[in-house]
**Q** 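Below is one structure. I have some questions about it.
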Amino acid sequence: MIAVTVALIGFFSFVIMRVTSPQMTTLFTDLSVEDSSSIIKELERQAIPFELRNDGAIVMVPKDKVTRLRMKLAEGGLPKGGGVGYEIFDKSDALGSTSFVQNINHLRALEGELARTIRAIDRIQAARVHLVLPERPLFSREVPEPSASIVLRVRGALEQQQVRAIRHLVASAVKGLKPQRVSVVDEAGQLLADGAAADAANGGVSSDERRVGFEKRLRSEVESIVSSVVGSGRARVQLSADFDYNKVTQTSDKFDPEGRVLRSSQTREESSATADNRDGQVTVNNELPGNQRQDNATTARDQTKKSEETNNYEISRITKTEVTEAGRVNRISVAVLVDGIYSKNDKGELVYQARDKEQLDRIAALVRSAIGFDQKRGDQVEVVNLRFAEGPSALPINEPAGFMGMLQFTKDDIMNLIELVVMMLLGLVVVFMVVRPLVKRILSPDATASNNSPAPVPALPEATPAPTPGQNLIPGTNATAQMIDVAQVQGQVHAQSVHRVGELAERNPNETASIIRQWLSEPA
C-alpha cells in the first residue's frame, strides 16, 4: 500500500506539473555571457519563467510570450551581440570627457557595429573586429594606412567569396581602409585572408589559393558526374592544373596600303623673263633719267615658267594593344580511377567484373566535356578501370529509406516520447495496483450476498454400488464432502434467518399477530 500511495502521488504530481507548466520555446540562441545575463535579469524583473540550455547560450520562455518579449527586449537594445555599438554615446557625459576618451569610444562603437553586421552573414556564429586607425604625425607628408583584423567562429567552412565580401564590407565602412589590409582568421587559427597588401587585381587571393580553388571545383564536378555512373564511392579523381602567372602587354601597329586618303594638296607656279640691253653695258649715261627710252627699248631674250604641286596622303593604320592578365591555364591533367562491376553468382558470392572499353570511353568523353578539354593546349585525360582494395561491403550502402527512415526524430520528439512512455507505465501501475483490487472488493460482497440467498436443496446422491477393490474412492468422497459443506452453510443461513425473525417478532408482537392473521385469512 505504501508503494501504491507513492506511485499515485508521483503520477498525479507529474500529470499536474505537465499540464500546468507552459510550453517552452526558444527566445534567443548563440548568446554571449553578457547578453544572457542581461536578458535573464530582465525576465526576472518581469516575473516570467524561463529555462537555460547549452550553458546559457539558449534561453527558453513560454511560447505565448515569445513575440512580446522579443519586441520588449529589442526596445531595450537586447541582445547587444556581445559588443558595444553606437549606444555607448547615448548615456555618456560629453562635457566631462576628453577627446582621447571620445576617440576610444568611437573606435569601440565602430568595432562593435562591424561585428554585429558580420554576424548577420550565414554560417557565422560570432565575430570580433580589431581596427587600427593611426593618426598622421605632425610635419609628416606620408599618411599611414589603417588596417583591420577579424576573428570568426563559423559553422562548417566559409567560401572564398564570403571571405572577400567580409573584407570589402569592413573596408567600405572605415575611411581609408583597403580590402587588402584586412586579415581574416577563424577560431581554429586558420588564415582565411592575408592582410599583407596583396595584388588588388586578384582580390587579395594568392596564386596558390586560386590554383587550389580551381582544381577543387573541377575535381568535384568530375567526381560528381563519374559517381553518378559508377556509383557513390566507386571513383577516385585527381586533377592538376598548370597556371601561367606572367602578365603580358603586347602592342601592334598594322598599315593598309590600299586605304589611302588625301590629307592636303599644295600647288606652286613660278615664271621668269631675262632682258638684254642694247649695248650690253652699264654706264652712267644709261642710268640717267633721260635715257629711260633706251630702257624701254630693251627686248626680252629668254622667258621661264615653273609649276609645282604637292599632295599629302594618309595611310590607314590600326593600333592594337593586348593585355593578358596573370593566371592563364596552360594545361589540365585529369586521372580518373573507377571500380568494376560487382554481381552475385549462384552461391550468393560477389563476383568482380571489369568494365568494357566502350563504357570507359564514354566516361572519358564526359570528363573532357566537364573540364573544357583543349587538345591544342595539351590537356590530358586518363580513365583507368582497376579493382579497389576495399570491396563494396566496406562502403556505406545507401538503401532506400522505408517508413522508419521517414521518421526523423528531434530532441523534443524523443523527450515527448519518453514522457508518454512514463505516463503509460504509471497508468498501468495504477490500473493493476489500485483499480483492480478495488474492483475485486466491490464485486466480492455481491458474490457473498448471492451465496447467502436461499438456494434449492440439492438432491441427495443416489445409492452407488459398492466399489470394487481396484476402484478409486477419492472422487466419490470429495463429492460427498462438498455436498455436506454446502448443506452446513445452508443450515447456518436458515438458522440465522429464523433467529432474526424471532427477534423481530419479540420486538413487534402486534405487527407479528396481524401478519399471522393475514396469512390465515388468505386462501390456500
Side-chain angles (χ1 to χ4, degrees), residues 1-33 35-73 78-79 123 125 155-156 232 393-453:
M1 294 301 295
I2 294 175
V4 171
T5 304
V6 173
L8 284 175
I9 293 174
F11 173 72
F12 288 109
S13 300
F14 174 78
V15 172
I16 292 172
M17 291 177 61
R18 183 64 181 173
V19 173
T20 56
S21 61
Q23 185 178 1
M24 308 297 283
T25 187
T26 303
L27 179 63
F28 293 111
T29 59
D30 296 332
L31 294 174
S32 61
V33 179
D35 289 340
S36 181
S37 176
S38 302
I39 292 173
I40 291 173
K41 187 181 298 183
E42 183 67 20
L43 294 178
E44 290 177 348
R45 188 182 66 83
Q46 299 182 14
I48 296 176
F50 63 90
E51 294 179 4
L52 296 179
R53 296 183 180 179
N54 196 11
D55 297 334
I58 301 176
V59 178
M60 309 283 290
V61 295
K63 187 176 181 180
D64 55 345
K65 300 181 180 180
V66 171
T67 305
R68 186 177 64 84
L69 283 174
R70 286 178 180 174
M71 292 188 293
K72 189 69 176 178
L73 294 174
L78 292 175
R123 298 183 184 179
Q125 291 182 343
R155 293 186 293 266
S232 178
S393 58
L395 298 175
I397 302 175
N398 297 326
E399 298 181 354
F403 178 75
M404 295 303 295
M406 297 173 60
L407 301 178
Q408 297 180 356
F409 293 102
T410 60
K411 188 181 292 184
D412 295 336
D413 296 335
I414 295 175
M415 293 301 298
N416 294 333
L417 183 61
I418 293 174
E419 293 177 0
L420 182 61
V421 171
V422 171
M423 293 180 66
M424 291 178 62
L425 292 177
L426 290 178
L428 293 176
V429 170
V430 171
V431 169
F432 287 101
M433 301 296 293
V434 179
V435 178
R436 189 177 175 214
L438 290 177
V439 172
K440 284 185 176 180
R441 281 191 184 182
I442 292 173
L443 297 178
S444 58
D446 296 340
T448 306
S450 63
N451 291 331
N452 292 337
S453 62

**Q** Below 4.5 Å, heavy atoms only, C-beta onward: do R68 and I48 meet side chain to side chain?
**A**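 Yes; the side chains approach each other to less than 4.5 Å.
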
**Q** With a 4.5 Å cut-off on side-chain heavy atoms, are L69 and L43 touching?
**A** yes

**Q** T26 and M60: which non-hydrogen atoms are nearest, and at how many Å?
**A** OG1-SD, 3.4 Å

**Q** Any chance you could measure T25, atom OG1, to E51, atom CD, to the nearest 0.5 Å?
**A** 11.0 Å

**Q** Checking R45 now: which residues fulfil side chain to side chain donor-acceptor pair (under 3.5 Å) with it, not counting sequence neighbours?
**A**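 With neighbours one apart ignored, the set is E42.
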
**Q** Test of understanding: with side chain to side chain contact (heavy atoms under 4.5 Å, CB included), list the residues that count as partners of I40, not counting sequence neighbours.
**A**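 Here the qualifying residues are S36, E44, F50, L52.
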
**Q** Could you please spell out the steps behind the side-chain contact (heavy atoms from CB on, under 4.5 Å) verdict for F28 and D35?
**A** CA-CA 10 Å; F28 293 111; D35 289 340; over 6 Å; no

**Q** How close do P62 and P49 get, heavy atom to heavy atom, and via which atoms?
**A** CD-O, 3.2 Å

**Q** Taking side chain to side chain contact (heavy atoms under 4.5 Å, CB included) as the test, write out the residues that go with S37, two or more places apart.
**A**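 Applying side chain to side chain contact (heavy atoms under 4.5 Å, CB included) to S37 gives none.
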
